[in-house]
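FYI, side chains are in, hydrogens and waters are out, and symmetry mates aren't considered; it's all heavy atoms of this structure. Convention: sequence-line order gives letters A, B, ...; per-chain numbering from 1.
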2 protein chains.
Amino acid sequence: MTPEFSLIERFFTRPAPSATLGVGDDAALFAVSPGMELAVSTDMLVAGTHFFPDVDPRKLGWKTLAVNVSDLAAMGAQPKWATLSLALPEIDEIWLGAFAEGFFQCANQYGVELIGGDTTRGPLNLSVTIFGEVPRGQALRRDRAEVGDDVWVSGTLGGPALGLAALQSRASLENDALQQCVQALEQPWPRVELGLALRGIAHAAIDISDGFLADLGHILERSRVGANIEFDALPAHAALVPKIGSSQIKQCVLAGGDDYELCFTAPAGQREAISAIATQLGLGLSRVGCIVPGDSALVLDASGNPLSIERTGYDHFA
Amino acid sequence: MTPEFSLIERFFTRPAPSATLGVGDDAALFAVSPGMELAVSTDMLVAGTHFFPDVDPRKLGWKTLAVNVSDLAAMGAQPKWATLSLALPEIDEIWLGAFAEGFFQCANQYGVELIGGDTTRGPLNLSVTIFGEVPRGQALRRDRAEVGDDVWVSGTLGGPALGLAALQSRASLENDALQQCVQALEQPWPRVELGLALRGIAHAAIDISDGFLADLGHILERSRVGANIEFDALPAHAALVPKIGSSQIKQCVLAGGDDYELCFTAPAGQREAISAIATQLGLGLSRVGCIVPGDSALVLDASGNPLSIERTGYDHFA
């Protein structure tokens, strides 16, 4: 047995009771429940692009799985299984142990079983594919927004982006605020319960990973509609509120990314149902605008005048 | 829309008629056929570890998918869907176009639909997750070999390893032989039809990616058995036959890797059925030894003496 195989076995083999066959064969085997469709998503995280190479591996392990869980949350799917491929520059057992611990903390939190993967030598790269179940025809898609829908956002926006800016010395923050924003950046909590609750209520949904306007833009493009957004209705993270007038803070809210909240649209007739979900989950749900005819989003200030937007989201190749 | 999204759309969006939803949402959606289990495998290819950075991108595209298809072949599963995550150092449209062309050539050859993926900036890394269907309980696993089984190998061994050695100036080859070996290295043909035909016939199976002895070793370990292998029965690639006595050539056959043939075990009572499959598929199937009590493989020369083995397979971290 080569070291890479013993690596996988040692750090990443856990029971996968809901699979027929987990880690250790050419492929994993599992059956999809009757009446369910499989929802599949994949995200690749690269050192230097998505995270600092010296980030706490425990937090990195959590986030590596969490960003994938978030994609299933946005579909209204129940996460169930995942594969993990790792390219590692070297074998560092302490790092691997901590990474695996964080990964499985997130897996346990969201009921995900690791069923397979691959380990190889190369510049640090973490690639997860995640599988979830959703009743046929009930997935929350990007292409179902309708003119007249409300636009909603869960939780708060901009904290992770401001935390990143502070870590990169592009912003200064008080101690408490810094800690909150960095925590939000490093340990996102995907909105799986919200996604499940929104089945049959929301028309369209997406998770906010690249920035609110960029991700809303995907809904608009796929649904062939526009949106009017009230900036003051957007739920800025508490650490941003004192400086909400600044251009940098506005950018964090509108285009910061890494929020892993859900943006969704729903008919006005669902407002009460959505309020009830917010209460039930103890999660803020903010109505931030409405879907209109058109092909893009207009962000309006308190006077109803359009805000000028520098950029709509994060671009890895910019 | 950011350039990375237009990249994905431009090069990697093709119709996925058997999926409910393909590329372009938070997750893809598909239904698994009644009575079927899903077989899932993932492989990550890294520049410098798995391929030369300057390899023809068309051939790289083929191989990136093919090595994943091969894992499903080894399970007796029918490949159906795949996701592709790419980390790219820069946007090179000519390279991407050629890579996509090779990838979809392989996808078309094996009936695989690309249903999702991710593109990001980083050192060149290609990560595929592949999904196939297999009737419940009929998958070819590693842990089902039984004492008394024959050990079989499809096609030929060692050609890709010798081709790699020649490209690295560790071996010299005549023109024709060089071309054959490099072709075998760069464009493997996964044995999907063989895997499907072996359902209900083979006890255990694996694809030979890390080297015959290493991969056979996985069957032995998982099945808790040993094996006696006759070196002379192993199907060496034609280019290796003239120098079969040399230590390097023996290593190519036994431990070269990148063969993407199937190694499988089956009861002696299936020999006729297996011969019929070989004829039907026009594919050589060689009986190379037998499963015995124990925990490792013994390779015997023509006199029945054990061969000394330098290494059993490829280790990325060695």
Side-chain angles (χ1 to χ4, degrees), chain A residues 1-4 20-21 24-32 37-44 46-50 71-72 74-75 77 81 83 85-87 91 115-118 120-123 125 127 129 131-132 134 136 139 141-143 206-207 210 214 217 221-222 313-317, chain B residues 1-4 20-21 24-32 37-44 46-50 71-72 74-75 77 81 83 85-87 91 115-118 120-123 125 127 129 131-132 134 136 139 141-143 206-207 210 214 217 221-222 313 315-318:
Chain A
M1 181 181 285
T2 61
E4 62 171 305
T20 309
L21 188 61
D25 211 303
D26 294 292
L29 297 170
F30 60 85
V32 177
E37 279 186 315
L38 207 67
V40 174
S41 186
T42 189
D43 261 315
M44 178 177 266
V46 179
T49 302
H50 299 89
D71 282 314
L72 293 193
M75 297 301 285
W81 305 280
T83 62
S85 291
L86 291 162
I91 295 181
I115 54 168
D118 192 16
T120 185
R121 193 165 60 81
N125 183 306
S127 182
T129 303
F131 316 90
V134 59
R136 288 193 197 190
R141 303 166 52 140
R142 297 181 179 178
D143 58 1
I206 193 167
D207 74 319
D210 290 333
E221 191 213 350
R222 303 272 299 183
Y314 186 74
D315 176 4
H316 296 156
F317 289 99
Chain B
M1 181 180 286
T2 61
E4 62 171 307
T20 309
L21 188 61
D25 211 303
D26 295 291
L29 297 170
F30 60 85
V32 176
E37 279 186 316
L38 207 67
V40 175
S41 186
T42 189
D43 261 314
M44 179 178 264
V46 179
T49 302
H50 299 89
D71 282 314
L72 293 193
M75 299 299 285
W81 305 281
T83 62
S85 290
L86 292 162
I91 296 180
I115 55 168
D118 193 16
T120 184
R121 193 166 61 79
N125 183 306
S127 182
T129 304
F131 316 90
V134 58
R136 287 193 196 190
R141 304 166 53 140
R142 296 181 181 179
D143 59 0
I206 193 168
D207 73 319
D210 290 334
E221 191 212 350
R222 304 273 298 182
D315 176 4
H316 297 155
F317 289 98

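Using a 4.5 Å cut-off between heavy atoms, B:Ile206 touches chain A through backbone and side chain atoms alike. For B:Thr83, the part lying near chain A is the side chain, with the backbone staying farther off; criterion is any non-hydrogen pair under 4.5 Å. Contact annotation for B:Leu86: only backbone heavy atoms (N, CA, C, O) come within less than 4.5 Å of a heavy atom of chain A.
Of the candidates A:Val46, A:Asn125, A:Thr49, B:Pro123 forms a side chain to side chain contact (heavy atoms under 4.5 Å, CB included) with just one, namely A:Val46.
Rounded to the nearest 0.5 Å, atoms CZ (B:Arg121) and CE (A:Met44) are 14.5 Å apart.
Considering only heavy-atom pairs separated by less than 4.5 Å from chain B, the leading option among A:Ala139, A:Ser41, A:Gly217 is A:Ser41. Chain B forms more heavy-atom pairs under 4.5 Å with one residue of A:Leu38, A:Val134, A:Asp71, A:Asp207 than with any other, namely A:Leu38. Counting heavy-atom pairs closer than 4.5 Å to chain B, the top residue among A:Leu72, A:Thr42, A:Val32 is A:Thr42. Considering only heavy-atom pairs separated by less than 4.5 Å from chain A, the leading option among B:Ala77, B:Gly132, B:Ala28 is B:Ala28. Residue with the most contacts toward chain A among B:Asp43, B:Asp143, B:Ile115: B:Asp43 (heavy-atom pairs, distance under 4.5 Å). The residue among A:Ser127, A:Gly116, A:Ala47 with the most heavy atom pairs within less than 4.5 Å of chain B is A:Ser127.
Residues B:Thr129 and A:Phe131 are in side-chain contact: their nearest non-hydrogen atoms beyond the backbone lie under 4.5 Å apart. With a 4.5 Å cut-off on side-chain heavy atoms, B:Met75 and A:Leu21 count as touching.
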